[in-house]
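For reference, the structure discussed in these notes is given below.
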Amino acid sequence: MKSGINYSFRGKPISLALVACFLFTILLWTWESNPIAATFRSAQEWYLMPSEFPAEVPIGSTGTQKLEGSEGKSSTTITKNGTNPKVNTVDSETVESIPAKSPEIQYNQDNRSPSSEDCNYGKGRWVPDSRRPLYSGFGCKQWLSSMWSCRMTQRPDFSFENYRWQPVNCDMPEFDSSSFLRKMQDKTIAFIGDSLGRQQFQSLMCMTTGGEENLEVQNVGWEYGLVKPRGAIRPDGWAYRFPQTNTTILYYWSASLCDLVPLNVSDKLSDVAMHLDRPPAFMRRFLDRFDVLVLNTGHHWNRGKLTANRWVMHVDGKPNEDEILAEIPNAKNFTIYNVVRWLDLQLDSHPRLKAFFRTISPRHFYNGDWNTGGSCDNTIPFTNGTEVTRDRSMDQTIEGALKGTKIKILDITALSQLRDEAHMSRYTARGMQNSSDCLHWCLPGIPDTWNELLVAQI
Ligand SMILES: *[C@@H]1O[C@H](CO)[C@@H](O)[C@H](O)[C@H]1NC(C)=O
Ligand SMILES: *[C@@H]1O[C@H](CO)[C@@H](O)[C@H](O)[C@H]1NC(C)=O
Ligand SMILES: *[C@@H]1O[C@H](CO)[C@@H](O)[C@H](O)[C@H]1NC(C)=O
Ligand SMILES: *[C@@H]1O[C@H](CO)[C@@H](O)[C@H](O)[C@H]1NC(C)=O
Ligand SMILES: *[C@@H]1O[C@H](CO)[C@@H](O)[C@H](O)[C@H]1NC(C)=O
Ligand SMILES: *[C@@H]1O[C@H](CO)[C@@H](O)[C@H](O)[C@H]1NC(C)=O
């Protein structure tokens, strides 16, 4: 982890916002006129663009915000059925660094007896396995975004697909889609988080179908108000049901895990109140329907994203005036602790809900950052070894916030850290040799392992 590279937009927020607006306009236009072409946009464009912009402030509608406003009159009616969502739309995530050293935080030592449930799945090693990947990168077109499908790019090396994670002292049953579906009979599994959460969602859809086309799977996004708002690039999430077992898998985009409410709903370019102390309305509203919930956040906590999205920090319903809290790491920490506390309290009245917080997915930009020619060109696996021996998470924020709660840690940071060769890398865009995606992962790939660890713990 290049922890020294902690980029910041401080000092040029205005120009970024302008660039972002411009790119968004172009992109929207391109998309409308040629959806396919839009998928070949440059990586530069997708990093710069407040891509999830359309989700926050849908053009010509209040889209997300209707839902986000949940308690008020603004609640979306969720009777309208959606059309098949476009999966391969714009995405962008920028990134943060993980502190090189993790402080001495004690692992969550409550008084439950040690069992495989409590073992540390994040400690172990990568082993070669010819039964990987769990689905073909040439398949799964139904759910896999083309932008993350490395087999569909010019990439020549795929050795990264042939490993499995072996925890050192936990039971790790082989993933099997029919037993997974049986286990999840009549259940709903929800991912709420940023685009890395969306990768994990797509991965689970592919794992569950084995990457085969499956026309029986129903699009039930409408049940959750996940319908593409008029003029928007995509809905705020997707939900699919496997009718054989009545299992639902859904994803909702909430990159900050904050409630987002536009300050002026009739103004498309309105600032958006980012309520640091309020979980996303979608989560509050639909929590009752979830049996498994997987949260994540992290890569949107930087000044550039906040400015580009016009997110204005609010606390206690009012604009935040606390300058210390306004610093990004503090705001992020505050939000994570808040959402964790809220969810932990909810678990008392939702005994069947299993809640997980996934730790941050590491990025691997070398010799620069995402916007200064940073790359991750290594194709040799495990140059830093195959093993994780540490007991504590590299993600001290999430680990600290979960301590003493009933929410489980899905600790994927250190094991993913060993896989710098498995990102989209330079194959993310055409003709942009200088621009690599060393944040998102190829699929099939590392997020499949996150799901194997998740399923083992459900
Ligand atoms: C490998 O370890 C070295 C030394 O700890 C570190 O500088 C480097 O960033 C690591 N590389 C990866 C891919 O994690
Ligand atoms: C939406 O689709 C579902 C499943 O296909 C159907 O049962 C339901 O009646 C539809 N609702 C509307 C409002 O069209
Ligand atoms: C499907 O599962 C849901 C719970 O997620 C349950 O409420 C519903 O009754 C089930 N439907 C059928 C047809 O079994
Ligand atoms: C909200 O936005 C609309 C459209 O831009 C504008 O006409 C109106 O004055 C704004 N309302 C407030 C309270 O600023
Ligand atoms: C994060 O917030 C918690 C709760 O307020 C606090 O105890 C902790 O020290 C904070 N951590 C950091 C790194 O600021
Ligand atoms: C690539 O990025 C590096 C570092 O910012 C820069 O020096 C170089 O001129 C760039 N090359 C191209 C072709 O843009």
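FYI, side chains are in, hydrogens and waters are out, and symmetry mates aren't considered; it's all heavy atoms of this structure. For ligands, and for the atoms within them, numbers begin at 1 and follow the listed sequence. What you see is a predicted model, and the numbers here were worked out from it, not measured in a lab.
- You'll find the ring centres of Phe282 and Phe286 inside the 6.0 Å limit.
- Checked against salt bridge (charged side-chain N to carboxylate O under 4.0 Å, His left out), Glu174 has the following partners two or more places apart in sequence or in another chain: Arg131, Arg132.
- Residues passing the side chain to side chain contact (heavy atoms under 4.5 Å, CB included) test with Val168 are Lys123, sequence neighbours excluded.
- Between Lys187 and ligand 3, not a single N/O pair is under 3.5 Å apart.
- Near ligand 5, residues Asn333, Tyr337 come within 4.0 angstrom through at least one heavy atom.
- Ligand-side atoms of ligand 4 in range of Ser266: 1 (C), 2 (O), 3 (C), 4 (C), range being under 4.0 angstrom from any heavy atom.
- Judged by distance alone, the side chains of Ser203 and Asp448 do bring a donor and an acceptor atom under 3.5 Å apart.
- Within the 4.5 Å cutoff, no side-chain heavy atoms of Asp411 are placed close to those of Tyr121.
- Remark: the backbone N or O of Gln200 is paired with a side-chain donor or acceptor of Asn451 at under 3.5 angstrom.
- Sorted by first and then second residue, the disulfide bond (SG atoms under 2.5 Å apart) pairs involving residues 172-207 (not counting sequence neighbours) are Cys140-Cys206.
- The shortest N or O to N or O distance between Asp291 and ligand 3 is not under 3.5 Å.
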